[in-house]
Amino acid sequence: MRRLTLPAIATVLLTITLIGCSSKADTVSFASEQQPLVVFLVRHGEKADLSRDAELSAAGLERAATLATTLRSAEIEYVHSSDFIRTRNTAAPTATEHGLEVGLYDPRDLPTLVEKLRRTGGRHLVVGHSNTTPQVVELLGGEPSLAIDEPGEYDRLYIVTIGSDGAASSVMMRYGTAYYPGPEQ
């Protein structure tokens, strides 16, 4: 999967915004038929420690705020998080930005989450983990790319769009402080 430049990222976000614009007055069908399903997926921000339910570090809190800024014009309608402190805290600024509550999902039952997304339609943010985020992308029909580097890669932002014909397209971009794999990591 290729990396996108800043102008390309702006174009993708503008395109996604325009895809979702539709007249609500003439739509009476199921939610998933009213507009494309657009799902933004990220791994939680950087952890403060290695405990099972770690808080976000200062860098993780900054990344969560950056995510909210990045998605400010994305017209997010639903925010989903696994029930861990780090994922809920990554999702919270975006939920607040859009006046939404963070809904919880079970990361051990991703097919149920994907079915809910498909049934609901609209625009969703899903905050997960290094192993679950690519799985959800794939279950939605997108291209998950390579495995996330567990110790330090927190900057992936996937966007999966499913049209009314059921065809999925996906893009993976980066946001916030960039991750550079190397010997110093």
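Computed from heavy atoms alone, side chains included, the values below leave out hydrogens, waters and symmetry copies. Everything quoted here is computed from the prediction, not taken from an experiment. Sequential numbering from 1 along the given sequence is applied to the chain's residues.
- Between P134 and P144, the shortest heavy-atom contact is O-CB, 3.4 Å.
- Between E55 and N89, the shortest heavy-atom distance links the atoms OE1-ND2, 3.7 Å.
- Relative to the six-membered ring of Y175, R63 meets both conditions, a distance below 6.0 Å and an angle of at most 45° to the axis.
- Just one residue in the list I159, L157, V160, V127 forms a side-chain contact (heavy atoms from CB on, under 4.5 Å) with L41, and that residue is V160.
- At least one side-chain heavy atom of H80 sits less than 4.5 Å from a side-chain heavy atom of L117.
- To the nearest 0.5 Å, the span separating CG on D109 from OG1 on T132 amounts to 12.5 Å.
- When all heavy atoms are compared, the tightest approach of G45 to L56 is O-CD2, 3.4 Å.
- Residues M172 and L139 share a single hydrophobic cluster, defined by chaining ILVMFWY side chains whose heavy atoms lie under 4.5 Å apart.
- Using a 4.5 Å heavy-atom threshold, the side chains of Y158 and V136 count as separate.
- Side-chain contact between R88 and L104 is present, with at least one heavy-atom pair separated by less than 4.5 Å.
- By the 4.5 Å heavy-atom criterion applied to side chains, T177 and D155 are not counted as neighbours.
- Distance check, rounded to the nearest 0.5 Å: OG1 of T69 to CZ of R72 gives 4.5 Å.
- Annotation: E97, atom CD; neighbour count of heavy atoms from other residues, nucleotides and ligands within 6.0 Å is above 12.
- L67 and V102 fall within the same hydrophobic cluster, where Ile, Leu, Val, Met, Phe, Trp and Tyr residues are linked whenever their side-chain heavy atoms come under 4.5 Å apart, directly or through other members.
- At most 12 non-hydrogen atoms from other residues, nucleotides or ligands lie less than 6.0 angstrom from CD of E62.
- Residues L125 and L100 are not in side-chain contact: their nearest non-hydrogen atoms beyond the backbone lie 4.5 Å or more apart.
- The local environment of CD in E101 is sparse, with at most 12 non-hydrogen atoms from other residues, nucleotides or ligands closer than 6.0 Å.
- Here the side chains of D106 and T112 are not in contact, with every heavy-atom distance at 4.5 Å or above.
- Atom CZ of R174 sits about 5.5 Å away from atom CZ of R156, to the nearest 0.5 Å.
- With hydrogens and angles disregarded, no donor-acceptor distance shorter than 3.5 Å links the side chain of D49 to the backbone of A54.
- The two residues A168 and I162 make their nearest non-hydrogen contact at CB-CG1, 3.9 Å.
- One N or O on the side chain of H98 and one on the backbone of L71 form a donor-acceptor pair closer than 3.5 Å.
- I76 and V171 fall within the same hydrophobic cluster, defined by Ile, Leu, Val, Met, Phe, Trp and Tyr side-chain heavy atoms under 4.5 Å apart, directly or through other members.
- To the nearest 0.5 Å, atoms OG1 (T87) and NE2 (H129) are separated by 4.5 Å.
- When side chains are defined from C-beta on, K116 does not count as touching Y105, because their heavy atoms never get closer than 4.5 Å.
- The minimum heavy-atom distance linking G121 with Y78 is given by the pair O-CE1, 3.7 Å.
- Distance check, rounded to the nearest 0.5 Å: CG of L140 to CG of L113 gives 7.5 Å.
- When all heavy atoms of E46 and A59 are compared, the pair lying nearest together is OE1-O, 3.5 Å.
- Atom-to-atom distance recorded for H124:NE2 and F40:CZ is 10.5 Å, nearest 0.5 angstrom.
- Side-chain contact between T90 and R43 is absent, with no heavy atoms from C-beta onward closer than 4.5 Å.
- One N or O on the side chain of S170 and one on the backbone of E143 form a donor-acceptor pair closer than 3.5 Å.
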